[in-house]
Structure formats: structure tokens, C-alpha cells
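The next block holds one structure in the form of C-alpha cells; read it before the comments.
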Amino acid sequence: MAAVEAVLPWLDGAEDAPDRPKLAAAVRLSLRTLAQDAPGRSVEVRVPPFAAVQCVEGIRHTRGTPPNVVEMDARTWLELATGRLTWGDAVAGDRVSASGSRADLSGLLPLLRARS
């Protein structure tokens, strides 16, 4: 939670982007939380260049491009993870690329209820 709280001023528009190590830590640790909350290997969530995780129960993916892929930038991911952005708004605003029948993460978000 501390890693995400360190970037909250940026998410709320009060500051310039955090330095790369802080941003990377917030993305990696929140993605790890997603993988713990929704264990599995049927969906790959990518937030380049920082991290990718496989999550959600279902048919396991082992080689090649996964059938269910979700990709977005770091700001979008952190806004989704903290509830500052809804899944529907992110998809409608073309801020998320989601392919596959299991690539809807709306039921798993927000992950963190970070303090404002």
C-alpha cells in the first residue's frame, strides 16, 4: 500500500509524474496484489515497461500469446487499482486494450482503497 500511496498525488493531478523507481514499485506491487487476489493463469495483465502478471482461474496458458490479454499504461492501471477510474470508463476511453473472453477485470477492481 505504501508504494501506491507514494504516487497518489500524481494520480490526483497535483504533481508531475513520480520518479521511475517509485512508479515501477507501485505498478509491480499492485499487479502482484491482483495475482494474489485472482490466482490463475488464464489472463495476462501487462503494464509496460514495468510488469506483467498472469491471473484469473481458467484454462492455463503456457506458450505463445495468451488468449486473454489486458494491456494499459501505468497511470491507467494505478487509477483502476485505486478506484479512481472504472473499468467501463477505461475501456470506453480506449485507455485499455483487452482481448479474449476472460479479459474483463471489472469484477476484480479496485484492488486497493488507498487514502486520498
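Please read all numbers here as calculations on a predicted model, not as lab measurements.
In this structure, D94 CG and T76 OG1 are separated by 11.0 Å, a value rounded to the nearest 0.5 Å. Annotation: the span from M1 atom CE to T82 atom OG1 amounts to 9.5 Å, rounded to 0.5 Å. Distance check: R28 CZ to T33 OG1 gives 14.0 Å after rounding to the nearest 0.5 Å. Put simply, CG on L111 and CG on L80 are 9.0 Å apart, with the number rounded to the nearest 0.5 Å. The distance from atom CG of L78 to atom CG of L23, rounded to the nearest 0.5 Å, is 6.5 Å. If you take CG on D73 and OG on S97, they are separated by 12.0 Å, rounding to the nearest 0.5 Å.
Annotation: D16, atom CG; neighbour count of heavy atoms from other residues, nucleotides and ligands within 6.0 Å does not exceed 12.
Counting all heavy atoms, side chain and backbone alike, A3 lies closest to A26 at O-CB, 3.5 Å. Taking each heavy atom of K22 and P18 in turn, the nearest pair found is CB-CB, 4.2 Å. Here the closest heavy-atom approach between residue C55 and residue V45 is recorded as SG-CG2, 3.9 Å. Here the closest heavy-atom approach between residue L112 and residue S30 is recorded as CD1-CB, 4.2 Å. What you find for A81 and P110 is that their closest heavy atoms are O-CB, 3.4 Å. V53 approaches A35 most closely through the heavy-atom pair CB-CB, 4.3 Å.
Considering only residues two or more places apart in sequence or on other chains, W87 meets the side chain to side chain donor-acceptor pair (under 3.5 Å) condition with D104. Judged as a side chain to side chain donor-acceptor pair (under 3.5 Å), and not counting sequence neighbours, R32 has no contacts.
In this structure a side-chain-to-backbone donor-acceptor pair under 3.5 Å is missing from R95 to M72. A donor-acceptor contact shorter than 3.5 Å links the side chain of S42 to the backbone of V56.
A salt bridge is defined here as a Lys NZ or Arg NE, NH1 or NH2 lying under 4.0 Å from an Asp or Glu carboxylate O, and R84 with D12 meets this definition.
V70 and V91 fall within the same hydrophobic cluster, where Ile, Leu, Val, Met, Phe, Trp and Tyr residues are linked whenever their side-chain heavy atoms come under 4.5 Å apart, directly or through other members. Hydrophobic clustering of Ile, Leu, Val, Met, Phe, Trp and Tyr side chains at less than 4.5 Å, counting indirect connections, keeps V69 apart from W77. Linking Ile, Leu, Val, Met, Phe, Trp and Tyr residues whenever their side-chain heavy atoms come within less than 4.5 Å leaves L8 and L29 in two separate clusters.
The closest side-chain heavy-atom distance from F50 to L31 is not below 4.5 Å. Looking only at side-chain heavy atoms (C-beta outward), V27 and V7 stay at 4.5 Å or farther from each other. Between D37 and L108 there is no side-chain heavy-atom pair separated by less than 4.5 Å.
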